[in-house]
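Read the structure below first, then the notes.
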Amino acid sequence: MVSNQDVAAVFAAMADILSILGEDMHRIMAYRRAAENIAALGRPLDELWRAGELETIPGVGKTLAAKTDELLRTGRLEAYEKLKSQVPEGVVAMLRVPDVGPRKAALFWKELGITSVDELEAAAQAGKLRGLPGMGVRSEEKVLAGIQALKRRSGRMLLDTASELAQALLAPLRDVPGVVQVAAAGSLRRMRETVGDLDLLVATEDAGPVMACFCALPQVEEVLLSGPTKTSVRTRDGVQVDLRALPPARWGTALQYFTGSQAHNIRLRALAQERGLSLSEYALKREDGTEILCASEEEVYGALGLPPIPPELREDRGEIEAALAGALPALVELTDLWGDLQFHTTASDGRGSLREMAEAARAAGLKYALVTDHSHGLGIARGLSPEGLRRQRAEIDQVNCALGPAFRLLAGVEVEVRADGSLDLPDECLAELDVVVAAVHSSLQQSREQATARALAALRHPHVDVLAHPTGRLIGRREGADLDMEAVLRAAAENDKAVEVNSYPARLDLNDGHVRRAVELGVRLAIDSDAHGVEGFRLLRFGVATARRGWATPADVLNSRSVDEVLAWAKK
DNA sequence: GCCGTTTTCGGCCCGACTGTTTTCAGTCG
């Protein structure tokens, strides 16, 4: 079967080849935009295809719809095969080298017959690049450095890692004299599930000292480039960090620009043009050259006739159209969460006692939390038997007595869904619990049919209330189950079951695209910390961010409701 | 290749930094 990712990859690859062939850059951009929007689609492409709605995807017109049709029907695309035959694969691979773009890749290929990154490295080492037009010794050195960087490039960071690194780098900058404000922007501020580079922003009238301080930070291994307002470095961990400094009066346009995404900015700047304005990180400029300075992002969007668009939505996935129509969702916020529906204790694989975890949940501002230790079937997590669950119930009652009425522990379990879809706890045991969370942790290599049937069986089980981390993915470590997510979400909606948005940074499962589809289908979401220690409740902000990226409002979220409402719903 | 309350053709965001250049092209975000 041809997946969304397959189609997106083909269009992205076509864009790369077209760029080396020197095609019109706007045509190339069109391929890239379509690829991105298809990759981010929360629903299967072949569904839109069957409904004849391919052209409803932003950036997909008649031509690309026809190409998508050909791919879905035949599994291949004639135009792509033709392009591939014109440019060697290794030449396209050279685009991955920092500071090597389409023009230089084409130059190395055409002038020196270089058709791979390895050959490029050898040519640079032999001093063969410096004689090419537009190249010199410095450029040759940059190519070599770029290849080294490519070889030891660390993958994208998880959100908590990126967040901690950003705070560690920003703290000393905040103390530089003259600095008014600092912020992490870029994909971290948009809360994309992983972060490649960090983008830091500083408001100051005097950028010099900030740049100097930044370059001298202990985490910095190499300064990649440095100008009066912009510096890029690579840290010892191999992370590229870009720092930009602008005057406080321009903070709004600067933060807007540096938050991105690039696709969102391009759309916004085009919108500005339609209104006779030019938008940059410095200001909105009228046609007569006068500037409108914006100290806040609200002013930027306001000047364009738009309500402020939350950073999590800024991906050019319909947010600008929604803003224009006054139809932006009022996104769920961390403070909307009254409870948490998954955490663990020392009774299974957690590190905190029931009492410690309850106090931590209360300290995190929650009014209730569901204890969900693993069931005994999950051997590695020392799960609970029916007997163990009964004993835990007594302990829960004790803690509730001790903590008083302002906070309440609920009795639950994270029951294992076996490979055949059955649960590893008997019905009478599940019936005694307040809320039952079901999840898959093993046999993740099942076929799509088996994996989907397994999830559907769990959702149809009368005692199951929440399906936790449906795909079971661990970002960067393992792919999740191959699920027909559309079928899973529809089953959740039909059976009035909740589906989890797991806040653990390596999970974020459902992901943003699936959340968006779940919201469209009216599926209840449970944003859970999955805390395994007292500090774990802090992770909820990442789950909330993922839900926000999927356009979820408080009404879509089960645990934004009171404990009585949740219990009544689970009883039904 | 997409797209349209000024357009079905002619536009398509805007600027920093670098290196190789005498005014700019390439890359990046």
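A, B, ... follow the sequence lines: proteins, then strands. Residue 1 opens every chain.
- Within a 6.0 Å sphere centred on OH of A:Tyr504, heavy atoms belonging to other residues, nucleotides or ligands number 12 at most.
- Proximity note for A:Tyr282 (side chain, C-beta onward) versus B:dC13, B:dA16, B:dG29: the nearest is B:dA16.
- Nearest to the side chain of A:Lys230, among B:dG19, B:dC17, B:dC13, sits B:dC17.
- Each of A:Val97 and A:Glu281 was matched to the nucleotide of DNA chain B holding its nearest heavy atom; the match closer to the 5' end belongs to A:Glu281.
- B:dC2: Watson-Crick or G-U partner is B:dG11, with both key distances under 3.5 Å.
- The shortest distance between the side-chain N/O atoms of A:Ser278 and the OP1/OP2 oxygens of B:dC14 is below 4.0 Å.
- For B:dC28, the OP1/OP2 oxygens have no side-chain nitrogen or oxygen of A:Gln240 closer than 4.0 Å.
- Distance noted for atom P between B:dT20 and B:dG15: 26 Å (whole Å).
- Using a 4.0 Å heavy-atom criterion, one finds that A:Arg267 contacts no nucleic acid atom at all.
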Contact pattern, 5' to 3', of nucleotides 2-7 of chain B - B, S or - by protein heavy atom under 4.0 Å: SS----

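- Counting non-hydrogen atoms under 4.0 angstrom, A:Pro102 reaches the backbone sugars and phosphates but no base.
- For the C1' atom pair drawn from B:dC12 and B:dC17, the interatomic distance equals 24 Å after rounding to whole Å.
- In this structure, CE of A:Met211 is placed 8 Å from P of B:dC17, rounded to the nearest angstrom.
- Across all strands shown, A:Ser232 has no heavy atoms under 4.0 Å from either base or sugar-phosphate atoms.
- Each of A:Gln262, A:Arg549, A:His264, A:Arg192 was scored for a side-chain hydrogen bond (donor to acceptor under 3.5 Å, both in side chains) with A:Glu315, with one residue passing: A:Arg549.
- In this structure, A:Thr253 does not reach the B:dC14 phosphate: none of its side-chain N or O atoms is under 4.0 Å from OP1 or OP2.
- Taking atom CD of residue A:Glu141 and atom P of nucleotide B:dT18, one finds them 15 Å apart after rounding to whole Å.
- Comparing B:dG19, B:dG26, B:dG1 against the side chain of A:Arg103 picks out B:dG26 as the nearest.
- Among the nucleotides B:dC13, B:dG1, B:dG29, the one closest to the side chain of A:Asp199 is B:dG29.
- Distances shown here put a side-chain N or O of A:Lys67 below 4.0 Å from the OP1 or OP2 atom of B:dG1.
- By the 4.0 Å N-to-carboxylate-O rule, A:Glu281 lies too far from A:Lys230 to be salt-bridged with it.
- When heavy atoms are screened at a 4.0 angstrom cut-off, A:Leu279 is found touching the sugar-phosphate backbone but no base atom.
- One interatomic measurement links the two molecules: CG of A:Asp16 to C1' of B:dG1, which rounds to 16 Å at whole-angstrom precision.
- When the C1' atom is used for both B:dC13 and B:dT8, the distance is 24 Å, rounded to whole Å.
- Other residues, nucleotides and ligands place no more than 12 heavy atoms under 6.0 Å from the CZ atom of A:Arg103.
- In this structure, A:Lys62 and A:Glu55 have side chains that are in contact, with non-hydrogen atoms separated by less than 4.5 Å.
- For the pair A:Leu95 CG and B:dG26 C1', the computed distance is 13 Å after rounding to whole Å.
- Closest approach of A:Ile527 to A:Ser503, counting heavy atoms only: CG2-OG, 3.9 Å.
- One P atom belongs to B:dG26, the other to B:dT21, and the distance between them is 13 Å to the nearest Å.
- Within 4.0 Å (heavy atoms only), A:Arg138 reaches sugar-phosphate atoms of the nucleic acid but no base atom.
- Using cut-offs of 30° and 60° for the angle between ring planes, the A:Phe11 and A:Tyr31 rings count as perpendicular.
- Residue contacts shown for A:Met135 are limited to sugar-phosphate atoms, with no base heavy atom under 4.0 Å away.
- Atoms NZ (A:Lys285) and P (B:dC13) sit 16 Å apart, rounded to a whole Å.
- Across the protein-nucleic acid pair, A:Asp99 atom CG and B:dT18 atom P stand 11 Å apart, rounded to whole Å.
- Heavy atoms of A:Asn265 sit nowhere under 4.0 angstrom from any nucleic acid atom.
- Atom C1' of B:dC2 sits at a distance of 14 Å from the matching atom of B:dT7, rounded to the whole Å.
- A:Arg477 CZ: 12 or fewer foreign heavy atoms inside a 6.0 Å radius.
- Taking a 6.0 Å sphere around CD of A:Glu89, one finds it holds 12 or fewer heavy atoms contributed by other residues, nucleotides or ligands.
- Residue-level contact check: A:Tyr257 touches the bases, meaning some heavy atom is under 4.0 Å from a base atom.
- Taking atom CZ of A:Arg250 as the reference point, atom P of B:dC14 lies 16 Å away to the nearest angstrom.
- Atom pair A:Lys142:NZ and B:dT20:P shows a separation of 9 Å (rounding to whole Å applied).
- Summarising the local packing, CZ of A:Arg538 is surrounded by 12 or fewer heavy atoms from other residues, nucleotides or ligands at distances under 6.0 Å.
- Counting non-hydrogen atoms under 4.0 angstrom, A:Asp197 reaches the backbone sugars and phosphates but no base.
- Distance from the side chain of A:Arg269 is smallest for B:dC14 among the nucleotides B:dT27, B:dG1, B:dC14.
- Looking at the side chain of A:Arg27, the nearest of the listed nucleotides B:dG26, B:dG1, B:dC17 is B:dG1.
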